[in-house]
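Shown next, in structure tokens, is the structure this report addresses.
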Amino acid sequence: MISIPPLKIQELEAKIPIIQGGMGVGISLSGLAGAVAKTGAIGVISAAEIGMIYEKGFMKDPQTADSKALKDEILKAKDIANGGIVGVNIMIAMSEFFELCKVSIDSGADIIFAGAGLPLEVPHEKLRKSKTKFGVIVSSSRAATLIFRYWDRHYKDIPDIVVVEGPKAGGHLGFKLEQIDDPNFALEKITPPVIEAVKPFEKKYAKDVPVVAAGGIYTGEDVYYFINEIGVDGVQMATRFVATHECDADTRFKEAYMKARKEDVVIIKSPVGLPGRAIRNKFLEDVEEGKKQPFKCLWQCLKGCDYKHAPYCITQALVNAQKGRFAGGFAFAGANVYRVDKIVSVQELIDELVEGYLEAAKINA
Ligand SMILES: Cc1cc2nc3c(=O)[nH]c(=O)nc-3n(C[C@H](O)[C@H](O)[C@H](O)COP(=O)(O)O)c2cc1C
């Protein structure tokens with residue numbers, strides 16, 4: 001019988017091999033992550049400036065507000081998930097990376113995905129005393145090798161899962177501007193070397209480390225292709241999960257996805273020094289024309305943010321967008337956002353993806 005294979009991360013098993021990628025700021029909270037986990041896929045809360053979404057108490061003490069909001073969201077998502085797998089995405093670039101890892105572990109998150117940097121220094125001892133797994137997000141085999149070598153030397157251990165994020169992803173990208181459209185850096189090209197890079201470490205530690213592909217995966221046929229032709233154990237998808245009723249963003253954010261045309265999808269230079277993919281709007285046009293001015297920073301939430309010269313606060317712009325206030329912000333989105341034409345429930349989306357996978361499997365049987 002043809003079926004979709006589960007995604008195994010050591011003793012964790014997701015019956016649907018799809019991870020809903022973490023989306024900051026506030027786009028994937030407990031509503032989305034819990035609903036995804038409930039279907040048997042993996043739901044992920046983004047920890048990025050999570051306290052700012054709650055607003056209350058944030059201005060007085062941002063770090064405490066972030067920790068408290070993250071704990072609340074994990075507990076809520078676990079409740080909705082009904083035993084499903086709930087993860088947290090924490091950017092290494094965040095000043096409070098360590099603290100948020102600890103909160104996630106203490107609150108019973110099943111897995112932490114660390115992106116936007118190399119997760120070398122991590123609260124390893126605490127992690128391994130818990131059941132929480134640790135995933136790394138990379139955009140090259142070089143980064144994967146660097147992380148695995150470091151963990152091997154310093155912790156006598158390796159991470160539990162690797163997500164390879166290609167240049168069609170939404171949000172901040174781990175590529176140079178000129179690499180984004182270069183076919184040599186396409187997801188299907190950069191993934192096999194990561195699978196190979198991880199193999200010797202899997203052998204040394206007698207441990208299976210699943211590799212998952214992300215960025216531009218849109219249909220069930222795409223999921224089939226990456227699992228069966230490229231050889232990954234699962235996929236991570238984000239853009240499609242924005243167009244669900246359960247996504248935690250304001251309806252106007254989801255409408256921006258439905259309205260986006262191909263020519264509206266642009267690459268911006270984010271104040272944190274990385275390129276990012278977003279939907280063009282008046283706010284971004286004003287930035288381009290130099291109409292935005294440096295601002296007063298509340299606290300340096302992102303390590304690499306050059307806020308003294310940045311024309312706007314990226315966190316504030318993303319919070320505004322999450323709340324539908326596009327006069328003061330813009331939406332990050334994946335390269336395929338222009339294909340979004342309706343909002344469905346998370347279960348309907350998962351059903352469609354599984355059906356597409358099974359159809360492709362039948363054709364290729
Ligand atoms: C609105 C939005 C926000 C995102 N925020 C984050 C984030 O905070 N941290 C992160 O590691 N990835 C982030 N991503 C990347 C996704 O987790 C995911 O890996 C990627 O978008 C997958 O490509 P797809 O959107 O084409 O499916 C974001 C993506 C989107 C669309």
Side-chain angles (χ1 to χ4, degrees), residues 18-29 32-33 36 41-50 52-53 66 70 87-94 97 100 111-119 135-139 143 161-175 180 186-187 191 212-220 222-223 226 232 234-244 247-250 253-254 256-257 260 265 268 270 272 274-279 301-302 314-315 317-322 329-340 349 353:
I18 297 175
I19 301 168
Q20 161 258 309
M23 289 178 278
V25 174
I27 309 300
S28 66
L29 297 173
L32 179 58
V36 174
I42 299 180
V44 180
I45 295 165
S46 164
E49 298 318 311
I50 192 165
M52 205 159 167
I53 294 295
D66 280 343
L70 181 57
V88 176
N89 177 296
I90 311 176
M91 295 191 292
I92 295 128
M94 289 179 73
F97 173 74
L100 295 176
I111 182 159
I112 292 169
F113 290 97
L118 299 176
V136 298
I137 305 174
V138 299
S139 292
I161 178 169
V162 179
V163 178
V164 189
E165 198 180 71
K168 287 191 176 171
H172 289 120
L173 302 173
F175 296 90
I180 292 173
L187 183 59
T191 301
V212 162
I217 296 170
Y218 199 84
T219 64
D222 296 343
V223 180
F226 274 94
V232 293
V235 299
Q236 172 165 298
M237 301 171 66
T239 296
R240 291 222 61 190
F241 284 103
V242 171
T244 60
C247 169
D248 297 277
D250 187 275
F253 191 98
K254 302 175 192 179
Y257 268 47
V265 186
I268 61 159
S270 152
V272 291
L274 291 170
R277 183 172 279 105
I279 303 172
C301 64
L302 294 166
I314 179 85
T315 297
L318 296 178
V319 168
N320 283 340
Q322 192 267 0
F330 64 91
F332 271 147
N336 278 325
V337 63
Y338 68 93
R339 293 166 71 179
V340 170
L349 174 57
L353 294 169

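Side chains are part of it too, since the values below use all heavy atoms of this structure and drop only hydrogens, waters and symmetry mates. One-based numbering, in listed order, for ligands and for the atoms of each.
- Inter-residue side-chain proximity for Tyr257 and Ile279 is flagged as met; some heavy-atom pair is nearer than 4.5 Å.
- Listed by number with element, the atoms of ligand 1 under 4.0 Å from a non-hydrogen atom of Lys168 are 26 (O).
- Paired with Pro119 under the rule side-chain contact (heavy atoms from CB on, under 4.5 Å), one option of Ile90, Val138, Ile112, Ile92 passes, and it is Ile92.
- Contact annotation: the side chain of Met23 approaches that of Leu32 to within less than 4.5 Å [non-hydrogen atoms, C-beta and beyond].
- Using modelled atom types, one side-chain atom of Gln322 and one backbone atom of Gly26 make a donor-acceptor pair closer than 3.5 Å.
- The shortest contact between atom 30 (C) of ligand 1 and any protein heavy atom is with Met23 CG, 3.7 Å.
- In terms of protein heavy-atom proximity, atom 20 (C) of ligand 1 is nearest to Ala169 CB, 3.6 Å.
- Annotation: atom 25 (O) of ligand 1 to nearest protein heavy atom, Thr239 OG1, 2.5 Å.
- Taking every heavy atom of Asn89 and a limit of under 4.0 angstrom, the matching atoms of ligand 1 come to 9 (N), 10 (C), 11 (O).
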Expected list for residues 237-244: side-chain donor-acceptor pairs under 3.5 angstrom, two or more places apart:
unit_1, atom_1, unit_2, atom_2, d
Thr239, OG1, Gly334, N, 2.9
Arg240, NH1, Tyr218, O, 2.8
Arg240, NH1, Glu352, OE2, 3.0
Arg240, NH2, Glu352, OE1, 3.3
Arg240, NH2, Glu352, OE2, 3.4
Thr244, OG1, Phe241, O, 2.7
Thr244, OG1, Cys247, N, 3.2

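- Regarding atom 14 (N) of ligand 1, its nearest protein heavy-atom neighbour is Gly22 O, 3.5 Å.
- Applying the 4.0 Å criterion to heavy atoms of Gly21 picks out, from ligand 1, the atoms 17 (O).
- The nearest heavy-atom contact from the protein to atom 23 (O) of ligand 1 is Gly215 CA, 3.2 Å.
- The protein heavy atom nearest to atom 16 (C) of ligand 1 is Ala238 CB, 3.6 Å.
- Side-chain contact between Phe113 and Ile161 is present, with at least one heavy-atom pair separated by less than 4.5 Å.
- Residue Tyr257 approaches ligand 1 through these ligand atoms, each under 4.0 Å from one of its heavy atoms: 1 (C), 31 (C).
- Below 3.5 Å of separation, one finds no N or O of Ala335 facing any N or O of ligand 1.
- For ligand 1, the atoms closer than 4.0 angstrom to any heavy atom of Met237 are 27 (O).
- A 4.5 Å side-chain heavy-atom check between His172 and Ser270 finds at least one atom pair inside the cut-off.
- Among the atoms of Met91, none of the N or O lies under 3.5 angstrom from an N or O of ligand 1.
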Show me the donor-acceptor pairs, under 3.5 Å and distance only, between side chains in residues 41-48 and residues at least two apart or in other chains.
unit_1, atom_1, unit_2, atom_2, d
Ser46, OG, Gly24, N, 3.3
Ser46, OG, Ala48, N, 3.2

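- Residues Arg339 and Thr219 form a side-chain contact, since some pair of their non-hydrogen atoms from C-beta on lies under 4.5 Å apart.
- With hydrogens and angles ignored, the 3.5 Å screen pairs no side-chain donor or acceptor of Asp248 with any backbone N or O of Ser28.
- Those atoms of ligand 1 that come under 4.0 Å of a heavy atom in Gly216, given as number and element, are 23 (O), 24 (P), 26 (O).
- Of the protein's non-hydrogen atoms, Glu165 OE2, 2.5 Å is the one closest to atom 19 (O) of ligand 1.
- Counting heavy atoms closer than 4.0 Å to ligand 1, residue Phe241 contributes nothing at all.
- Proximity of His172 to ligand 1, defined as any heavy-atom pair under 4.0 Å, is not found for any part of the residue.
- For the side-chain contact (heavy atoms from CB on, under 4.5 Å) with Val212, the lone residue among Ile19, Ile137, Thr191, Val232 that qualifies is Ile19.
- In this structure, Lys168 places its NZ atom where only 12 or fewer heavy-atom neighbours from other residues, nucleotides or ligands lie under 6.0 Å away.
- The distance criterion of under 3.5 Å between nitrogen or oxygen atoms is met by Gly170 with respect to ligand 1.
- For ligand 1, the atoms sitting less than 4.0 Å from at least one non-hydrogen atom of Gly24 are 3 (C), 4 (C), 5 (N), 6 (C), 7 (C), 8 (O), numbered in the order shown with element in parentheses.
- Here the protein heavy atom with the shortest distance to atom 1 (C) of ligand 1 is Phe332 O, 3.3 Å.
- Residue-ligand proximity, Gln236 to ligand 1, at heavy-atom distances under 4.0 Å covers atoms 17 (O), 18 (C), 19 (O).
- Side-chain atoms of Arg277 come within 3.5 Å of backbone N or O of Pro167 as a donor-acceptor pair.
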